[in-house]
Amino acid sequence: MPRVWVHSIIAFLVLLALIFLSVSGVLAVVLDGGRKTVEFLQIPFVSILLRIKIFFSIIFSVRDLSRQNDILSRQVQELTSQVAVLEKAGQENRILRDALGFETEGKSNLVPAEVIGLDPFNLERQITLNRGRRQGVEEGDPVVVSGNILVGAVTAVFGETSQMQVITSASMVVNAESPNGKATGVVRGEHGVGLLFDLISQSDVIKTGDKVITSGLGGLFPKNLLIGKIGEVRTSSSELFQKANIIPAVDIRSLKVVFVLKK
Amino acid sequence: MKSQYFYLLIFLIIVFLTNAAGVQVFSSKVFLFPELLLLATLIFALNFSFGETLWFAFGVGFFAELFSGSFFGGEIVAFVCTGLLVYFITRNLTSQHTSFLTAVFVVALASVSFALGLYAYNSLIAIFNLTQYIPFGNFISTRIFWTILVNLIVFYPMTFIFKVLQNERSI
C-alpha cells in the first residue's frame, strides 16, 4: 500500500478517536489545560499586538478626536443630570418599597471573566472564558457586561475555563419586553449577525429607539437586563405578530472582560 | 532529524500564540488579521513531503481546536484538506517555486478551501444533529477578499522566516 494511503488512513483513525474522546468528554480536560496554558503564554503576544493596534488606531482617529470630544462632553452633561434625577427616584423607590413591604431585588453575584479565545469563523460565536467550574461558573449562567447588559449565556463548563454563546447566536432565545411594558416578545439571535425582537402582539406599541430588556419570564435570565434598542420595526397587517431588529447594546465582537451572573 | 522537528514545533507554537492573540486583539475586524496558522500550513505544504504536511496540518488543526466554537474536528479537517490540496496543486498543477502569480493563486485557494472545509464539516455534522447548522455566508463573504489580501502581504515575510529557520536547521 502506498505511504500516502497509510498516512491518510492513520490520520483518519486518529481523528475519529479524537472525536470519540471529545464527545465522551475525556478530551475536555486536555482542551481545558491547553486553554489555560495558552492564556498564560500569549500574554506577551497580546501586549505587543495591543500596542500595534493602539498605534494605528491613534493615527486613524486623530482627526475625529476633537469631534468625539464634543459629543462625549455633551453626553456627560446629559447623563450627569439624568443620574441626579435617577438617584432621587431610586431613593424614593427604596422608601416606598420599605413602606409597602416589597421584596427588594437581591444583589447579584458576579464572577469576572476574561475572554481568552474567539473563533473567527464561527459567527455563532462560542467564546472561551478563563473561568470555570472551580470559580463557580455553571452551565446556563447569564453573561453580562457593564453590570446589566446581557451578552450571552454559558453553554459548556470545564475545570478552569468555560464557553459562552453570545446572544446573537441562533440558538439563543430570550423573553424580552420594552421597559415601559408596552411590548413583550422574544429576542432571537440571527446566526451571529444580529438580533430579532419577535412575537410582539400587533396591539403592542414599539418604535425605533425603544430599549429592550429581559422580562425574566421562564427563569433562564433575570429580568431588567438590557439587550439593546430597536433599530427597525417590521409590521405587516397580514402577519400575526410584529417583528423588530435590535441593535445590541454592546459590540459583541469586541468583548474583552465579561461577568458571569450567579443567581 | 530530531532538531528539525523541534524547530518546527517552536515555529508552530509561536505562530499559534501570535494567531490566538491577534484574533483576540483584533476581534472586531478579525478578517484584517492574517490567518497565520493557515499560512504556516501552506508554507509547509510547499516545502515538505505528503506525510509531513499531513501531520503538521493535523497538529495545527488540533491547536486551533482549543478555541474553536464548532463541533470538534472541524479545524483539523479544514487544515488537513487545505494542506493536502496545496500539496497536490503545487506538485501537479503549478510549480513549488512561489512566483507572485503562484503565491496569489495558492494563498487565495488556501483561504477559500479552508473556509469551505469548515463549512462542509459543520454541515455534515449538523445533518446528524450534533451541532447547529451555520449558514454559508458566515464562512464565505466579500470579506474573504480582504483576508486573502492580508494573507498575501504576510505570506512572503513568513516564508522568509521559515527559510531562515530551515537554513539554521541545516547548518
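Remember, it's a predicted structure, so these values are computed and weren't measured experimentally. Reminder, nothing fancy here: chain letters follow the sequence lines and each chain counts from 1. Note: hydrogens, waters and symmetry copies are ignored here, and every other heavy atom, side chains too, is used.
- Contacts between residues 151-162 of chain A and chain B, defined by a heavy-atom separation under 4.5 Å, are made by no residue at all.
- Contacts of B:Leu66 with chain A are made by both backbone and side-chain atoms, with heavy-atom separations under 4.5 Å.
- When heavy atoms are compared at a cutoff of 4.5 Å, B:Phe33 approaches chain A solely by way of its side chain, counted from C-beta outward.
- Counting only distance, with no hydrogens or angles, the side chain of B:Ser68 and the backbone of B:Ala64 share no donor-acceptor pair below 3.5 Å.
- Residue-environment remark: CZ (A:Phe12) stays at or below the threshold of 12 foreign heavy atoms within 6.0 Å.
- Not one N or O on the side chain of A:Asp32 forms a donor-acceptor pair closer than 3.5 Å with the backbone of A:Ala28.
- Taking each heavy atom of B:Ser141 and B:Gly137 in turn, the nearest pair found is CB-O, 3.8 Å.
- Under the 6.0 Å cut-off for aromatic ring centres, B:Phe50 and B:Phe88 qualify, their centroids lying closer than that.
- The parts of A:Ile10 that come within reach of chain B are both its backbone and its side chain, each placing non-hydrogen atoms under 4.5 angstrom from that chain.
- Between chain B and the options A:Thr128, A:Ile52, A:Ile48, heavy-atom pairs under 4.5 Å are most frequent for A:Thr128.
- Looking at heavy atoms from C-beta onward, B:Val86 lies out of side-chain contact with B:Thr41 at the 4.5 angstrom threshold.
- Here the closest heavy-atom approach between residue A:Leu129 and residue A:Val260 is recorded as CD1-CG2, 4.3 Å.
- Taking the side chain to side chain donor-acceptor pair (under 3.5 Å) definition, one finds that A:Ser24 meets it with nothing, sequence neighbours left out.
- The part of B:Val77 that comes within reach of chain A is its side chain, from C-beta onward, which places non-hydrogen atoms under 4.5 angstrom from that chain.
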Checklist entry - Could you go step by step and tell me if B:Phe58 and B:Phe79 meet the ring pair (Phe, Tyr, Trp, His ring centres under 6.0 Å) rule? => result CA-CA 7 Å; B:Phe58 199 100; B:Phe79 274 109; over 10 Å; no
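- Of the two parts of A:Val23, only the side chain, counted from C-beta on, holds a non-hydrogen atom closer than 4.5 Å to a non-hydrogen atom of chain B.
- The candidate with the highest count of non-hydrogen atom pairs below 4.5 Å against chain A, out of B:Phe62, B:Phe26, B:Phe63, is B:Phe26.
- Both the backbone and the side chain of A:Gln42 come within less than 4.5 Å of a heavy atom of chain B.
- The shortest side-chain heavy-atom distance between B:Ile10 and B:Ile14 falls under the 4.5 Å cut-off.
- Per-residue heavy-atom pair counts under 4.5 Å with chain B were compared for A:Val115, A:Ile116, A:Asp251, and the maximum is reached by A:Ile116.
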